[in-house]
Undergrad: 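The structure's right below; bear with me while I get my questions together.
Letters go in sequence order (proteins before strands), and every chain restarts at 1.
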Number of protein chains: 2
Amino acid sequence: MAKVTLQTIADRVGVSRATVSYAFSRPDQLSDGLRRRILEVADELGYAGPNATARSLRRGRAGALGLLFSETLPYAFADPYAVGFFQGLAAAAEDAGVGLLILPLPHGERRTVPVRDAVVDAFCVVSLPDGHPALAEVLARKLPMVVVDEPYVPGHPFVGIDEPAAGALAAGHVLELGHRRIGVAMVGLHDDGRTGWADPARQRAAPFEAMRGRRAGYESACVAAGLDWAGVPFYELSRNSRAAGREAGHALLRAEPRPTAVLTNTDVLALGILDAAADLGLRVPEDVSVVGFSDSAAQEAGLTTIRQAKQEIGEKAGRLLLSDPPPAPERLIFPHELIVRSSTAAPH
Amino acid sequence: MAKVTLQTIADRVGVSRATVSYAFSRPDQLSDGLRRRILEVADELGYAGPNATARSLRRGRAGALGLLFSETLPYAFADPYAVGFFQGLAAAAEDAGVGLLILPLPHGERRTVPVRDAVVDAFCVVSLPDGHPALAEVLARKLPMVVVDEPYVPGHPFVGIDEPAAGALAAGHVLELGHRRIGVAMVGLHDDGRTGWADPARQRAAPFEAMRGRRAGYESACVAAGLDWAGVPFYELSRNSRAAGREAGHALLRAEPRPTAVLTNTDVLALGILDAAADLGLRVPEDVSVVGFSDSAAQEAGLTTIRQAKQEIGEKAGRLLLSDPPPAPERLIFPHELIVRSSTAAPH
DNA sequence: ATTAAGGTCTTAATTGATTAAGGAGGTTTC
DNA sequence: GAAACCTCCTTAATCAATTAAGACCTTAAT
């Protein structure tokens with residue numbers, strides 16, 4: 001019961017290895033009788049079909065797209081935004097008949113480095129912090145690569161939204177409604193697991209480019225409206241969950257003076273803020289306005305949010321990756337839009 | 001700028017190909033000076049590192065697990081249950097430093113068959129209908145394989161729950177509360193996209209084994225309680241979404257006589273039933289009781305549901321797949337449990 | 001001086017296929 | 001009867017690495 005290869009079958013049938021290969025991958029090159037004979041013998045010997053790796057090597061094509069997320073895999077799908085993006089990407093992959101290889105991030109000292117050994121034709125990098133070692137490994141592979149959301153890598157295609165503009169749009173909305181006491185809750189700024197108040201210095205030092213930009217949009221809109229940013233309570237979360245949002249909500253809504261509007265950078269967080277408001281007996285939007293981000297979990301709860309085309313972004317990334325010739329290093333900025341629902345209103 | 005391989009570098013440095021290989025994958029076999037020299041030249045020539053496919057071929061190890069879902073990829077993650085399972089599986093994969101190759105199902109006539117060409121060490125099959133061609137392709141690869149939920153394949157490990165018992169538990173709960181007019185809404189029984197009323201014959205002909213079993217559990221509990229199953233309104237959905245649940249809810253809650261309890265096989269569907277009840281001015285649980293399944297989206301809404309250990313199931317599947325020697329063909333049945341919340345109560 | 005032991009590099013076999021080019025043999029065409 | 005043309009199969013190069021075993025040189029121990 002040693003390993004059965006094309007050669008084993010060839011020897012048994014008394015033909016050359018090439019003939020057996022044709023039997024499997026180019027039936028028209030063979031007489032029907034011989035082909036049947038070969039398949040029969042293959043079956044008898046328990047042949048598992050042409051070895052996928054060998055075929056891939058010879059053909060120079062892996063039939064898979066590599067995908068790198070910032071979060072450890074188990075948490076990557078906690079955010080509906082990620083799920084939407086993934087659906088778009090998967091649709092493109094499915095269309096082309098290629099698989100999606102989800103890679104674990106390098107982790108501790110291990111002898112096999114997932115990125116280096118990934119059998120893929122191209123890489124899609126999503127939301128990596130500045131300077132993350134995985135990015136260097138991806139670049140070293142010299143395969144086509146597109147980045148989604150962050151970080152922008154000159155010379156490679158980029159797909160995302162105009163983060164500062166989107167942030168400014170969200171903040172501008174509540175400012176226009178007349179709010180002057182704003183609070184902010186954000187997740188995904190830093191990688192160090194810290195949760196709690198963040199001063200402007202720490203905010204600006206965030207290694208995640210997209211979130212840094214989004215936050216800068218909040219700030220610029222506030223400053224333009226005459227607010228002192230240093231006086232804006234800013235609560236940072238390490239996990240994007242409803243429970244984390246609730247924690248931030250408790251902190252922000254107990255601040256003195258209490259904010260009349262809270263900005264968040266995910267809908268999931270915003271839902272948690274709503275929970276906190278309920279805990280504290282505050283009405284939304286009468287006592288406090290809440291703005292989410294992504295329009296991923298917002299509709300049912302009546303959340304005002306910024307909608308971004310997550311599926312389209314994923315699909316576009318996929319098509320770029322699969323395009324032949326390889327994609328030009330464009331920067332593709334998708335539109336975003338403010339969706340006003342019932343979680344925001346003028347103060348008082 | 002032709003392709004750079006180990007040989008290119010070897011020629012340039014004036015050493016053998018093996019030496020260059022050692023420089024990359026076994027540094028201790030080489031003097032420091034030469035190694036540095038080689039890496040330098042490699043860099044100069046723009047070498048992308050040892051070719052992953054060739055390495056994989058030679059080592060006989062792909063570093064990836066293949067994953068097959070029944071649904072087309074873009075919809076696979078619509079159900080939080082799937083997400084939970086995936087998180088568990090991903091955790092196991094991450095631990096082992098291997099990737100997760102999500103495969104598109106064979107689809108139309110294409111020259112590359114994704115399963116056949118997938119560079120993986122093992123397959124995880126999730127929720128495939130009886131007789132799905134992809135299963136045959138997976139089996140032909142003769143790699144380790146585990147099935148999750150369905151279909152049971154003799155001779156291969158299986159991970160799931162006791163579906164008939166879980167179904168019976170859900171139905172038994174409302175029957176014990178005293179309900180006698182039960183309605184059922186289920187998704188994922190058939191593959192043909194039909195939505196609408198399903199008679200018992202069609203119910204029993206469902207190609208999805210797990211859902212068939214779950215339904216059989218509903219039926220047996222009802223029959224044991226003296227109900228006539230043929231008189232139980234049964235609405236079948238082709239998509240697992242809140243909107244689909246709402247549609248089913250409208251149909252069921254307008255039936256005469258109106259059911260006082262509705263069983264569903266996913267929480268997402270149950271949420272839709274709640275929407276429909278609200279639309280029709282019915283109070284839950286006073287006018288109608290609703291039972292979900294999976295405890296994936298149930299907590300916030302106060303849904304009574306059956307909890308199954310989705311993450312543990314995923315993780316166990318992963319560990320089996322990665323175990324060496326390959327896993328024995330056990331049938332691993334995980335526990336389920338009834339979680340009673342505020343969506344069920346005695347009738348009247 | 002001799003032998004053993006290390007360290008460093010090379011040789012060559014191996015992994016399992018694909019595919020262009022060519023040859024053998026038979027049939028058709030003029 | 002020769003040229004032309006198929007059909008069916010073989011030869012041999014190729015894809016890009018890994019790794020056991022051996023060669024060669026230096027150093028250390030006996």
Side-chain angles (χ1 to χ4, degrees), chain A residues 2-38 42 45-63 111-113 116-121 141-143, chain B residues 2-39 41-42 45-63 111-113 116-121 141-143:
Chain A
K3 201 163 294 163
V4 183
T5 70
L6 283 188
Q7 191 67 64
T8 322
I9 300 169
D11 293 348
R12 179 65 87 83
V13 178
V15 295
S16 77
R17 176 166 75 250
T19 306
V20 182
S21 175
Y22 283 139
F24 282 96
S25 25
R26 212 125 39 111
D28 51 310
Q29 299 285 300
L30 245 53
S31 68
D32 250 35
L34 182 58
R35 169 153 200 266
R36 236 194 308 277
R37 179 81 211 293
I38 290 174
L45 295 174
Y47 182 56
N51 180 291
T53 310
R55 182 177 258 201
S56 180
L57 173 60
R58 181 61 234 238
R59 293 213 166 133
R61 173 175 185 289
R111 59 200 190 307
T112 57
V113 183
R116 199 151 15 196
D117 281 341
V119 178
V120 298
D121 297 310
R141 291 284 306 264
K142 312 208 175 185
L143 289 173
Chain B
K3 200 165 294 165
V4 183
T5 70
L6 285 188
Q7 191 67 66
T8 322
I9 300 168
D11 292 350
R12 179 65 87 84
V13 179
V15 296
S16 77
R17 175 165 76 251
T19 306
V20 182
S21 174
Y22 283 139
F24 282 96
S25 24
R26 215 129 35 115
D28 51 312
Q29 298 286 299
L30 245 54
S31 68
D32 251 35
L34 182 57
R35 170 154 199 266
R36 235 195 308 279
R37 178 82 211 292
I38 289 174
L39 295 183
V41 171
L45 294 174
Y47 182 55
N51 180 290
T53 310
R55 181 177 258 201
S56 180
L57 173 61
R58 181 60 232 240
R59 294 214 167 133
R61 173 172 185 290
R111 56 198 193 308
T112 58
V113 183
R116 196 149 20 197
D117 281 342
V119 177
V120 298
D121 297 311
R141 291 285 305 265
K142 313 207 173 188
L143 289 173

Undergrad: A/Thr53 vs A/Ser56, test: side-chain hydrogen bond (donor to acceptor under 3.5 Å, both in side chains). Steps then yes/no.
TA: CA-CA 5 Å; A/Thr53 310; A/Ser56 180; over 6 Å; no
Undergrad: Could you give the CD1-to-P distance, from B/Ile9 to C/dT10, as a whole number of Å?
TA: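 Nearest whole value for this atom pair: 14 Å.
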Undergrad: Inspect the surroundings of CZ in A/Arg35 and state if more than 12 heavy atoms from other residues, nucleotides or ligands are less than 6.0 Å away.
TA: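 Counting neighbours around CZ of A/Arg35, more than 12 heavy atoms of other residues, nucleotides or ligands fall under 6.0 Å, so yes.
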Undergrad: Rounded to the nearest Å, what distance is computed from the CZ atom of residue B/Arg37 to the P atom of nucleotide C/dC9?
TA: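 So the two atoms are 12 Å apart, to the nearest Å.
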Undergrad: Would you mind reading off the distance between A/Lys3 atom NZ and C/dT15 atom C1', rounded to a whole angstrom?
TA: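 The distance from NZ of A/Lys3 to C1' of C/dT15 comes to 8 Å, rounded to the nearest Å.
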Undergrad: Should B/Leu143 and B/Asp121 count as side-chain neighbours, where that means a heavy-atom distance under 4.5 Å?
TA: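 Not touching, per the 4.5 Å side-chain cut-off.
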Undergrad: Please give, in whole Å, the distance from D/dC6 P to A/Asp28 CG?
TA: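 It is 16 Å, rounded to the nearest whole Å.
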Undergrad: Across the strands shown, which category fits B/Gly49 at heavy-atom distances under 4.0 angstrom: base, sugar-phosphate, nothing?
TA: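 Sugar-phosphate contact only.
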Undergrad: Does B/Ser16 place a side-chain N or O at less than 4.0 Å from the phosphate oxygens OP1/OP2 of C/dT10?
TA: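 It does, given that an N or O in the side chain of B/Ser16 lies less than 4.0 Å from OP1 or OP2 of C/dT10.
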Undergrad: Begin from the C-alpha positions of B/Tyr47 and B/Val41 and carry the test side-chain contact (heavy atoms from CB on, under 4.5 Å) through to its verdict.
TA: CA-CA 9 Å; B/Tyr47 182 55; B/Val41 171; over 6 Å; no
Undergrad: State, with a plain yes or no, whether a side-chain heavy atom of B/Val13 is found less than 4.5 Å away from one of B/Leu34.
TA: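 With C-beta onward as the side chain, the pair touches.
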Undergrad: Starting at CZ of B/Phe24 and ending at C1' of D/dA17, how long is that distance when rounded to a whole Å?
TA: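 These atoms are roughly 12 Å apart.
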Undergrad: Please compare B/Arg35 and B/Ala54 by the position of their nearest nucleotide in DNA chain C and report the one closer to 5'.
TA: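 On the 5' side of the pair lies B/Arg35.
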Undergrad: So if I define the base as every atom that isn't primed, P, OP1 or OP2, how would nucleotides 19-28 of chain D read as a B/S/- string at a heavy-atom cutoff under 4.0 Å?
TA: BB--------
Undergrad: Just compare C/dA17, D/dT18, C/dT15 and give me whichever is closest to any side-chain atom of B/Leu57.
TA: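 Minimum distance to the B/Leu57 side chain belongs to C/dT15.
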Undergrad: With a 4.5 Å cut-off on side-chain heavy atoms, are B/Ile38 and B/Leu30 touching?
TA: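 Heavy-atom side-chain distance check passes, below 4.5 Å.
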Undergrad: Whole angstrom is fine here: how far is it from CG in A/Leu6 over to P in C/dT19?
TA: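 Going from CG in A/Leu6 over to P in C/dT19 covers 12 Å.
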Undergrad: Is there a side-chain contact between B/Ser31 and the phosphate of C/dC9, meaning an N or O under 4.0 Å from OP1 or OP2?
TA: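 Yes, because at least one side-chain N or O of B/Ser31 sits under 4.0 Å from OP1 or OP2 of C/dC9.
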Undergrad: Between the main-chain N or O of B/Thr5 and the side-chain N or O of B/Thr8, is there a donor-acceptor pair closer than 3.5 Å?
TA: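 Between the backbone of B/Thr5 and the side chain of B/Thr8 there is a qualifying donor-acceptor contact (under 3.5 Å).
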Undergrad: Grab the CG-C1' distance between A/Asn51 and C/dT18 for me, whole Å please.
TA: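 Going from CG in A/Asn51 over to C1' in C/dT18 covers 13 Å.
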Undergrad: Looking for any heavy atom pair under 4.0 Å, which part of the strands does A/Tyr47 touch: base, sugar-phosphate only, or nothing?
TA: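 Sugar-phosphate only.
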Undergrad: For B/Arg26, give me all partners under salt bridge (charged side-chain N to carboxylate O under 4.0 Å, His left out), at least two apart in sequence or on another chain.
TA: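 In terms of salt bridge (charged side-chain N to carboxylate O under 4.0 Å, His left out), with neighbours along the sequence ignored, B/Arg26 is linked to no residue.
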Undergrad: To the nearest 0.5 Å, how far apart are OG in A/Ser21 and CD in A/Gln7?
TA: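 Output value for this atom pair is 11.5 Å.
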Undergrad: For C/dT18, does either OP1 or OP2 sit under 4.0 Å from a side-chain N or O belonging to A/Arg55?
TA: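 So the side chain of A/Arg55 is within the cut-off, an N or O lying under 4.0 Å from OP1 or OP2 of C/dT18.
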Undergrad: More than 12 non-hydrogen atoms from neighbouring residues, nucleotides or ligands closer than 6.0 Å to CZ on B/Arg141, yes or no?
TA: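 Yes, because the 6.0 Å sphere around CZ of B/Arg141 holds more than 12 heavy atoms from other groups.
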Undergrad: For the pair made of CG in B/Asp11 and P in C/dT10, what is the distance, rounded to whole Å?
TA: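 Nearest whole value for this atom pair: 12 Å.
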Undergrad: Let me check the geometry of the helix from C/dA1-D/dT30 to C/dC30-D/dG1. What is the bend angle between the axes at its two ends, five pairs each, to 10°?
TA: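 One end axis against the other gives 40°.
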